[in-house]
Amino acid sequence: MGLTRNKRKTDPEIVIARDTDSELSSSSSSEEEDNYPLSESEEEDEAVKSGGKIELEKNKAKGNAPITVKLIKKVCKVCKQPGHEAGFKGATYIDCPMKPCFLCKMPGHTTMSCPHRVVTDHGILPTSHRNKKNSIDFVFKRQLQPRIPPIKPKYVIPDQVHCAVIRYHSRRVTCLEFHPTKNNILLSGDKKGQIGVWDFAKVYEKNVYGNIHSVQVNNIRFSPTNDDMVYSASSDGTIGYTDLETGTSSTLLNLNPDGWQGPNNWKMLYGMDINSEKGVVLAADNFGFLHMIDHRTNNGTGEPILIHKQGSKVVGLDCNPVQPELLLSCGNDHFARIWDMRKLQPKASLNDLAHKRVVNSAYFSPSSGTKILTTCQDNRIRIWDSIFGNLDLPSREIVHSNDFNRHLTPFKAEWDPKDTSESLIVVGRYISENYNGTALHPIDFIDASNGQLVAEVMDPNITTITPVNKLHPRDDVLASGSSRSLFIWRPQDKTEMVEEKKDKKIIICSGDSKKKGKKQKRGSDDEDDEDDMFISKGKNIKVNKSQAKTTKSSRKTKT
DNA sequence: ATTCCATGATGCC
DNA sequence: TGGCATCCCTGGAA
């Protein structure tokens with residue numbers, strides 16, 4: 001198990017090692033890279049070519065030959081059967097053919113040959129994009145099939161990292177929220193319970209509140225009546241109400257007043273939204289119940305209501321943007337449910353949208369509120385085109401790699417709030433692709449009206465999965481959280497010089513005080529990993545060890 | 001340096 | 001029904 005992990009981590013480094021540019025030699029990372037060994041996979045390959053000699057010699061050299069001499073017999077790591085291999089081969093993952101497809105979950109083929117696979121190779125257009133017909137064919141097809149949606153204005157995709165805060169949070173980012181009026185303020189919650197406030201226009205202005213929650217923040221909402229006040233729902237079972245100016249915070253709801261009574265009793269709050277018409281903050285817990293707080297008095301209202309299967313986690317709540325009586329919920333009982341706010345009682349939902357697995361998120365469309373978008377752990381994004389129509393089945397299912405996995409914040413496909421056609425959605429991708437020798441996990445922009453991939457956004461600097469994505473309500477900006485870091489993406493300005501664009505790219509690296517001692521031993525001087533943040537532009541990006549590696553590879557891929 | 005663990009849902013028995 | 005191994009992850013602790 002450790003093997004696979006190490007292997008994955010070393011793979012991108014091979015590329016970097018070949019790139020002997022000394023640009024970053026001032027950082028402490030270069031010496032290790034210079035004599036970096038072959039990756040384990042390459043070593044393994046050689047061992048096989050030479051009939052396992054390497055392995056035997058190793059044993060001899062140790063002097064104490066074990067009784068069981070391990071010959072390297074190629075056995076699949078996944079199913080333990082001989083004859084094939086599974087796992088990462090460089091930056092490409094080879095599926096075990098004995099398992100169902102990792103992408104669409106159907107048996108009989110692997111991800112490589114999956115009909116839903118988006119990218120076949122780097123630089124090649126996705127099959128869904130390949131324009132096999134000419135424009136006349138297209139027009140003709142439109143006449144024959146009126147259901148093909150009208151041509152929409154071209155989407156503006158924020159596909160370039162504009163700025164970032166590397167290792168901003170001390171645990172992984174769990175949620176993001178833009179300020180309702182100040183365009184450059186981004187709030188972020190993390191697994192540790194901290195809430196960050198970042199002015200990404202000034203880049204270096206950031207603030208972290210650590211006193212609000214004790215564990216994972218699951219949702220942040222601004223008060224509809226006061227821009228400085230935010231509500232936050234957390235797995236510590238509380239709703240926090242925090243003044244961003246002063247940092248003072250109060251607890252509006254605490255589901256665990258008696259403290260820790262064992263894991264079976266600990267209540268956590270996940271989904272949260274605000275119904276400003278009704279003046280109520282809604283939050284749902286991990287036992288299937290909905291809680292409400294009057295947001296004018298900030299007092300709880302009424303008893304909790306069972307809205308999902310008893311004992312199952314309710315992960316998402318969404319109030320309809322047009323019709324205040326409508327509430328959407330989703331949860332681990334494999335359902336998304338539509339509720340009438342006037343009739344909130346167990347089993348009284350207006351509709352139950354069935355899914356095959358856990359529903360990570362369910363959102364009404366942002367303008368009309370008549371469509372529903374859900375993300376499900378069966379690797380499918382579902383769209384219901386009209387809440388007034390038949391909701392037995394979704395209008396479309398889009399196969400998309402958004403498996404839940406340990407240590408990952410659940411993927412949630414989100415609408416672009418600016419797209420009045422209510423088509424563009426953004427969602428991070430779990431499965432990786434091989435981009436010039438580096439495994440990257442892009443952020444996908446999908447046209448929800450036809451399921452087509454509009455854009456896949458990535459940066460060689462970001463090798464971690466990016467499950468948390470939020471599109472700006474007014475600007476062409478995407479904010480994303482990947483592991484502990486935050487990124488701001490803006491559209492590539494094609495009229496600008498590339499060089500100038502590069503110079504605009506700013507990366508802040510904020511060191512972690514806890515790690516300091518450990519990491520600094522490696523360096524020859526004390527330059528890296530200080531608690532100060534480093535701001536630099538263009539080529540002089542000064543980063544810590546792990547960032548330095550990927551920065552190098554980024555140069556390689558870009559030139 | 002390396003291993004282990006947390007944490008969540010699933011699927012198999 | 002419940003216990004348990006498994007999973008294309010990640011970071012920190014032991």
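Numbers restart at 1 for each chain; the letters A, B, ... are given by sequence-line order, proteins then strands. If you're wondering where the values come from, they're calculated on a predicted model, not measured in any experiment.
- Separating the CG atom of A:N286 from the P atom of B:dG8 is a distance of 10 Å, rounded to the nearest angstrom.
- Between A:K99 and A:S483, the residue anchored nearer the 5' end of DNA chain C, judged by the nucleotide with its closest heavy atom, is A:K99.
- Regarding A:Y430, its OH atom lies at a distance of 15 Å from the P atom of B:dG8, rounded to whole Å.
- If you take atom P in B:dT7 and the same atom in C:dA14, they sit 14 Å apart, rounded to whole Å.
- For the pair A:K313 and A:F287, the cation-pi test (distance below 6.0 Å, angle within 45°) is failed.
- Taking atom CD1 of residue A:I462 and atom P of nucleotide C:dT10, one finds them 13 Å apart after rounding to whole Å.
- Regarding A:N405, its CG atom lies at a distance of 12 Å from the P atom of B:dA9, rounded to whole Å.
- When side chains are defined from C-beta on, A:I305 does not count as touching A:F289, because their heavy atoms never get closer than 4.5 Å.
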Review point. Are A:I195 and A:S232 close enough, and set up right, to give a side chain to side chain contact (heavy atoms under 4.5 Å, CB included), and what steps lead you there?
Key: CA-CA 9 Å; A:I195 292 177; A:S232 50; 3.7 Å; yes
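- Within 4.0 Å (heavy atoms only), A:R172 reaches no atom of the nucleic acid at all.
- Taking atom CD1 on A:I465 and atom C1' on C:dG11, their separation rounds to 14 Å, with Å as the unit.
- Considering A:T375, A:D378, A:T374 as possible partners of A:H355, the one that fulfils the side chain to side chain donor-acceptor pair (under 3.5 Å) test is A:T374.
- The separation of C:dC4 from B:dC5, taken at their P atoms, amounts to 15 Å, rounded to a whole angstrom.
- Using a 4.0 Å heavy-atom cutoff across all strands shown, A:T464 reaches sugar-phosphate atoms only and no base atom.
- Remark: P of B:dG8 and CZ of A:F287 are 12 Å apart, rounded to the nearest angstrom.
- Residue A:D95 places a side-chain atom within donor-acceptor reach of the base of C:dC8, judged by atom type and a 3.5 Å distance cut-off alone.
- Set against C:dT10, C:dC8, B:dG8, the side chain of A:K313 has B:dG8 as its closest nucleotide.
- Between A:L269 and the options A:L253, A:N218, A:T238, a side-chain contact (heavy atoms from CB on, under 4.5 Å) holds for only A:L253.
- Closest approach to the A:Y93 side chain among C:dC8, B:dT10, B:dA9 is made by C:dC8 (side chain taken as heavy atoms from C-beta onward).
- Distances were taken from every side-chain heavy atom of A:Y270 (C-beta onward) to each of C:dG12, C:dT10, B:dG8; the shortest belongs to B:dG8.
- Across the protein-nucleic acid pair, A:K191 atom NZ and C:dG12 atom P stand 13 Å apart, rounded to whole Å.
- Checked against C:dC8, B:dT7, B:dT10, the side chain of A:R357 finds its nearest nucleotide in B:dT10.
- Comparing B:dT10, C:dC8, B:dT7 by their nearest atom to the side chain of A:F88 picks out C:dC8.
- Picking from B:dA6, C:dG11, B:dT10 the nucleotide with the shortest atom distance to the side chain of A:R406 gives B:dA6.
- Following rounding to the nearest Å, A:N402 (CG) and B:dG8 (C1') show an atom-to-atom distance of 15 Å.
- OP1 or OP2 of B:dT10 lies within a sub-4.0 Å distance of a side-chain N or O belonging to A:H334.
- Taking atom P in both B:dC4 and C:dA5, one finds a spacing of 15 Å when rounded to whole Å.
- For the pair A:K105 and A:F102, the cation sits on the ring face: its NZ or CZ lies under 6.0 Å from the ring centre, inside 45° of the axis.
- Which of C:dG12, C:dC8, B:dT10 sits closest to the side chain of A:R484 comes down to C:dG12.
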